[in-house]
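Notes follow once the structure below has been shown.
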Amino acid sequence: GELTLVFIGYHGKGNSKRLQDCKNAKQKVRFLLGLDYEKKCTRFILKNELSERVRFFPSQPDMTLFYSACDALVFPATGPHQARPVFEAGYARIPVVISAFPNIREFADDSNAYLFENKNFKQLAEILRRIIKNPEITASKTEVNYQKCIANHSPDVYEQKVKEFIVGKS
């Protein structure tokens, strides 16, 4: 099968290694990478004949279009990071693959995401294989993430939280 991925926070010395391990997932994997990383990745992409599988996009505040064009979000953060991509992917109903930092575990766990150890690219490649081979498990995690987003991060929920805050401060 074919798998289209959005890579968020994709930079640093591990670019080639991450692409190589994803290439080795033994499936046709397509990537959308932030434009900021184009120069860093182009040589590897050309050398390994990945040009047809990689597209770059400019940085922007609304990622909806890119999430909707993909089968999964891969967020290989190399340090603690905000969890916003988990929510964005949740609303887009695509699976989340994210580095397992303690601050992320508040929003992403084994019930709603695939977690991997920081810089463990073999584990990342194995997760990509699982996404392809186990669509039922992936669909379940994705639905749990969507429901968590609706329950905790919808505009109505935030409106209620603001009202409670204001009333509590009076």
Side-chain angles (χ1 to χ4, degrees), residues 1-61 63 66-67 69-92 94-135 137-142 144-145 148-149:
E2 183 176 300
L3 187 64
T4 302
L5 306 174
V6 167
F7 272 78
I8 305 295
Y10 197 83
H11 63 285
K13 294 179 182 177
N15 286 344
S16 296
K17 182 69 173 149
R18 290 176 188 160
L19 280 171
Q20 183 66 43
D21 284 337
C22 293
K23 177 184 170 191
N24 291 339
K26 304 293 184 205
Q27 295 290 334
K28 189 172 185 182
V29 178
R30 295 188 178 276
F31 307 93
L32 296 173
L33 303 177
L35 189 61
D36 301 340
Y37 315 120
E38 185 173 12
K39 290 179 184 174
K40 296 178 183 177
C41 297
T42 300
R43 186 178 306 133
F44 179 86
I45 290 165
L46 292 173
K47 179 180 175 187
N48 289 278
E49 300 177 0
L50 294 171
S51 297
E52 294 300 315
R53 295 168 57 183
V54 178
R55 297 291 178 264
F56 293 94
F57 61 88
S59 299
Q60 54 196 285
M63 294 291 293
F66 298 105
Y67 288 129
C70 292
D71 298 306
L73 162 73
V74 179
F75 189 31
T78 55
H81 199 283
Q82 64 171 322
R84 189 183 81 196
V86 175
F87 313 138
E88 292 171 337
Y91 276 110
I94 62 171
V96 174
V97 181
I98 191 165
S99 302
F101 285 99
N103 65 310
I104 292 297
R105 291 187 181 274
E106 180 180 350
F107 307 102
D109 57 36
D110 290 331
S111 72
N112 70 325
Y114 291 95
L115 304 172
F116 67 99
E117 296 170 26
N118 180 30
K119 299 181 183 179
N120 186 336
F121 308 121
K122 288 181 182 180
Q123 188 180 22
L124 172 57
E126 177 55 36
I127 287 170
L128 296 177
R129 282 190 285 276
R130 277 190 261 154
I131 288 172
I132 294 167
K133 291 179 180 179
N134 301 302
I137 294 170
T138 299
S140 175
K141 287 178 182 280
T142 302
V144 168
N145 193 34
K148 281 184 171 184
C149 289

For Ala108 against Ala113, the heavy-atom pair lying closest together: CB-CB, 3.9 Å
Heavy-atom side-chain contact between Asn112 and Val96 under 4.5 Å: no
Spacing of CG belonging to Asp71 relative to CG belonging to Leu128, to within rounding of 0.5 Å: 11.0 Å
Residue list, salt bridge (charged side-chain N to carboxylate O under 4.0 Å, His left out) with Asp109, at least two apart or on another chain: Lys148
Qualifying residues under side chain to side chain donor-acceptor pair (under 3.5 Å), relative to Glu126, sequence neighbours excluded: Arg129
Non-neighbouring partners of Phe116 that pass side chain to side chain contact (heavy atoms under 4.5 Å, CB included), sequence neighbours left out: Pro76, Val97, Ser99, Gln123, Leu124, Ile127
Side chain to side chain contact (heavy atoms under 4.5 Å, CB included) involving Thr138 - partner list, sequence neighbours excluded: Pro95, Tyr114, Ile131, Thr142
Test item: Asn145 side-chain N/O and Val86 main-chain N/O as donor-acceptor pair under 3.5 Å: yes
Closest contact, heavy atoms only, Tyr67 versus Ala92: CB-CB, 3.6 Å
Residue pair Glu88, Leu73: steps toward the side-chain contact (heavy atoms from CB on, under 4.5 Å) verdict: CA-CA 9 Å; Glu88 292 171 337; Leu73 162 73; over 6 Å; no
Lys141 side chain to Ser111 backbone, donor-acceptor under 3.5 Å: no
